[in-house]
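We count residues from 1, following the sequence as given.
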Amino acid sequence: MPAHSTHDTPRDGTDGARNGSAAAPDTGVPAETNASAGTAAPARTTAPAGTVAPAGTVAPAEAVAPAEAVTPLLRGIAVLSRLTEAPGGTLSLSALEKTTGLARSTVDRLTATLARMGHVRLDGRDVTLAPRLMELGNAYLAALRLPSLLSARADELADELDESVSLAVGDRDGIRFIHQATRRRAMSLSFRIGDLLPAERTAPGPLFATEWTDSDWRRWRERRSADPKDHTFPAVPPREHPTPDEDFTRRTAKAATDDHALDDQLIEPGLVALSVPVRDPGTGRVACVASVVSHTSRHTAPDLRTALLPRLRAAVAAMQDDLRTAPPPVPGPPRAGLATWTGASKQELGREFVESLARGLTVLTAFDEGRSALTLTQVAQATGLARATARRALITLGHAGLLAPAPGNTFTLTPRVLSLGFPPLSRTSLPEIAQPHLTALADRVHESTSLAVLSESGEEIQYTARASTTRVLSARVTVGARLPARATALGHVLLALPEARTQGYALVDEELEAGLRSLAVPVRDRTGRVVAALNVAMHAARRTAAACRTDILPELSRTATLIEADLSVAGRFVHVPPT
């Protein structure tokens, strides 16, 4: 399909910024990009609405989109930002229209495109973030390598101290979490991977600020003046008692001397944290910051330092050794056929598919472990996009603060990529991932379907999600219910009984209850381990055993594959709870 068809430029201007891209001088380097690690939003553009700065950002007055920016891509980023800020990652189409300032027809087309990509789910008039969106944040975390290299050390420290431990990177004048090892308590840490916090209200902040330039400090003061109560940082409560700027400069000077920093209830009463920098062995600069987080009923801030600083320093020393001895990353094969897929989607959906948005977001996935810095040519090769198309996407993503120029005419992703849905999705459980797929399966086969896990004893299954049918006579169980594992198809799969292991499915005929026939298949995580089972249950009079294998098994297996695909993306850098 030609990349620029006549119907690719709708009257509402959603793809209007694509026009004339081939005429732009192709220097290979975006003329206007945000070189820092980017909390700057797509602020104001030369196009109409749709570039309101998302929470956690303060858009400078001069942040006007460059002429070559792809307006639909900026608008799609704005939609994802609003959904990220929304409770549960869900907004109605009308709410998106209101919060982005976009025309309803534009919102409809953008969300239809994001749904086609698997980044959102459309449910009537509601739009919800979908697990597949995490592939964007995964690209940043993989390219960064720090979570892969250091998270095991953080987890070990959390287990040893019985306290929450986090890893954070600097994000302009804020900090953003890249790993969390939390304790399960009534009073527990609620920050999520990807959450952005103001530097001055954290323990890691002063450590990053020791490396700030004059322009960084000026931007920080401007942000503080524009937002004195931190309303643009939804991950923290508003500041009740603003502190003078000099307080943070003093804490930064002390952090430079001590090589550690404390948060003594700066975020909210009761929360204390101790931080130590993890330095890049090659440059000596702060690569990330490791923190132990507790509350004042367990430790005061001085006690946290006295009791835990030596152990935290030892863990950080081990992390730095890990960075020093880590083998060079081996790049995996780039994702193939992405440009072909977007072209095919455009042909199929026509005007409802905004190809320039899909291609722009595709550029983010060109980065990965072993591909942390890419040239324009490498991005074009990895995505299959034309060089001019890739260049305009890079310009736009740079303006949005999602990537930055790097040495050698390359580009790197910034921590702000995590702001595209990662915080709410990082807390997604397996039942939440599976539920939409269960509902779709029940609608297709007109039978009840369930997801279950094995109990700790191994003798029972526990239902964790289900979707029912409208039949008068149907299998009815409630989420949380337990049944004997050996009497159910779900149990046969979870126990890996010989027949189920050989066939890849289990069919149980009236073992649990007369008239009840059930067919189940395993659900595996990204390592291939069976973590749950999926079934369809029905009255035996409706289908023979043979008909179950012919009619139901393909649909059941297809649904398990879809769940596994989402789980693989969601579980790459975060733990997905099975219940």
A.B. asks: Less than 4.5 Å apart, any side-chain heavy atom of R132 and any of M117?
C.D. replies: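 They are not in contact (no side-chain heavy atoms under 4.5 Å apart), so the answer is no.
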A.B. asks: For the side chain of Q435 and the backbone of R466, is there at least one donor-acceptor N/O pair under 3.5 Å apart?
C.D. replies: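 Yes: the side chain of Q435 pairs with the backbone of R466.
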A.B. asks: Any sub-3.5 Å donor-acceptor pair from S518's side-chain atoms to A489's backbone N or O?
C.D. replies: no
A.B. asks: Are side-chain heavy atoms of H295 and L271 found at a separation under 4.5 Å?
C.D. replies: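 No, too far: nothing below the 4.5 Å cut-off.
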A.B. asks: Below 30° counts as parallel, above 60° as perpendicular, anything between as tilted: where do the rings of F177 and F191 land?
C.D. replies: parallel
A.B. asks: Answer whether the closest heavy-atom distance between the side chains of R371 and Q378 falls below 4.5 Å.
C.D. replies: no
A.B. asks: Could you grab the distance from atom CZ of F411 to atom OG1 of T375, nearest 0.5 Å is fine?
C.D. replies: 8.0 Å
A.B. asks: If you look at every heavy atom in L73 and A393, which pair is closest and at what distance?
C.D. replies: CD2-O, 4.3 Å
A.B. asks: Tell me, with the steps shown, if M134 and F573 meet side-chain contact (heavy atoms from CB on, under 4.5 Å).
C.D. replies: CA-CA 10 Å; M134 294 177 73; F573 290 103; over 6 Å; no
A.B. asks: Kindly indicate whether the side chain of V292, heavy atoms from C-beta on, has any atom under 4.5 Å from the side chain of L309.
C.D. replies: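 They are not in contact (no side-chain heavy atoms under 4.5 Å apart), so the answer is no.
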A.B. asks: How long is the gap from OG1 on T90 to CG on D126, to the nearest 0.5 Å?
C.D. replies: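 So the gap between those two atoms works out to 6.5 Å.
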A.B. asks: State, yes or no, whether a side-chain contact exists between L441 and L556 at a heavy-atom distance under 4.5 Å.
C.D. replies: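 Yes, at least one pair of side-chain atoms sits under 4.5 Å.
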A.B. asks: Taking the side chain as every heavy atom from C-beta outward, state whether C548 and M538 have any pair of such atoms under 4.5 Å apart.
C.D. replies: yes
A.B. asks: At their closest point, which heavy atom of T449 faces which heavy atom of A442, and how far apart are they?
C.D. replies: CG2-CB, 3.9 Å
A.B. asks: Is it true that a side-chain atom of T365 and a backbone atom of T362 form a donor plus acceptor pair closer than 3.5 Å?
C.D. replies: yes
A.B. asks: Please check: side-chain N/O of S164 versus main-chain N/O of V293, any donor-acceptor pairing under 3.5 Å?
C.D. replies: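 Checked: no pair found.
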A.B. asks: Examine distances only and state if a side-chain atom of R416 and a backbone atom of A400 form a donor-acceptor pair shorter than 3.5 Å.
C.D. replies: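 Yes.
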A.B. asks: Can you find a heavy atom in the side chain of E85 that is under 4.5 Å from one in the side chain of S81?
C.D. replies: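 Sidechains of S81 and E85: in contact.
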A.B. asks: State, to 0.1 Å, how close P131 and I433 come at their nearest heavy-atom pair, and which atoms those are.
C.D. replies: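 Taking P131 first and I433 second, the nearest heavy atoms are CG-CG1, 3.9 Å.
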A.B. asks: Assess whether a salt bridge exists between E555 and R444, defined as any Lys/Arg side-chain N lying under 4.0 Å from an Asp/Glu carboxylate O.
C.D. replies: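 Yes, this pair counts.
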A.B. asks: Can you check whether R543 reaches D551 side chain to side chain, under 4.5 Å on heavy atoms?
C.D. replies: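 When only atoms from C-beta onward are counted, D551 and R543 do touch, with a gap below 4.5 Å.
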A.B. asks: Walk me through it: do R359 and T342 pass the test side chain to side chain donor-acceptor pair (under 3.5 Å)?
C.D. replies: CA-CA 7 Å; R359 289 183 166 180; T342 59; 3.1 Å; yes
A.B. asks: Output the distance between atom CG (N138) and atom CG (L364), rounded to the nearest 0.5 Å.
C.D. replies: 12.0 Å
A.B. asks: Please determine whether side-chain contact (heavy atoms from CB on, under 4.5 Å) holds for the pair R486 and L497, giving the CA-CA distance in whole Å, both sets of side-chain angles, and the decisive distance to 0.1 Å.
C.D. replies: CA-CA 9 Å; R486 292 187 179 275; L497 299 175; 3.8 Å; yes
A.B. asks: Enter the distance from E355:CD to L349:CG here, rounded to the nearest 0.5 Å.
C.D. replies: 11.0 Å
A.B. asks: What's the spacing between S275 OG and L312 CG if we round to 0.5 Å?
C.D. replies: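 Going from OG on S275 over to CG on L312, the span is 7.5 Å.
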A.B. asks: Taking G194's backbone N and O only, do any of them form a donor-acceptor pair with R176's side chain (distance below 3.5 Å, no angle check)?
C.D. replies: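 Yes, R176 side chain to G194 backbone: donor-acceptor pair under 3.5 Å.
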A.B. asks: Identify the heavy atoms of A181 and A154 that sit nearest to each other, and give their distance.
C.D. replies: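 Closest approach of A181 to A154: CB-O, 4.1 Å.
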A.B. asks: Backbone N or O of S455 within a donor-acceptor pair of the Q462 side chain at under 3.5 Å?
C.D. replies: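 Not confirmed, Q462 side chain does not pair with S455 backbone.
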A.B. asks: For side-chain contact (heavy atoms from CB on, under 4.5 Å), just list the numbers for L420 and L402, CA-CA rounded to whole Å, side-chain angles, deciding distance to a tenth of an Å, and then say yes or no.
C.D. replies: CA-CA 10 Å; L420 300 181; L402 299 174; 4.0 Å; yes
A.B. asks: When rounded to the nearest 0.5 angstrom, what distance separates CG in L361 from CG in L114?
C.D. replies: 6.5 Å
A.B. asks: How far apart are the closest heavy atoms of R313 and V276, and which atoms are they?
C.D. replies: NH1-CG1, 4.2 Å
A.B. asks: Using modelled atom types and a 3.5 Å cut-off, is there a donor and acceptor pairing between side-chain atoms of S429 and backbone atoms of P578?
C.D. replies: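 Answer holds: no.
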A.B. asks: Show your working on side-chain contact (heavy atoms from CB on, under 4.5 Å) between Q180 and R192 and close with a plain yes or no.
C.D. replies: CA-CA 7 Å; Q180 292 281 7; R192 307 160 300 183; over 6 Å; no
A.B. asks: Could you tell me whether a side-chain N or O of H119 sits under 3.5 Å from a main-chain N or O of L129, the two making a donor and an acceptor?
C.D. replies: no
A.B. asks: For L374 and A366, work out which heavy atoms get closest and say how close.
C.D. replies: CD1-O, 3.5 Å
A.B. asks: So, does D280 use its side chain to make a donor-acceptor pair with the main chain of A287 at under 3.5 Å?
C.D. replies: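 Not a single qualifying donor-acceptor pair exists.
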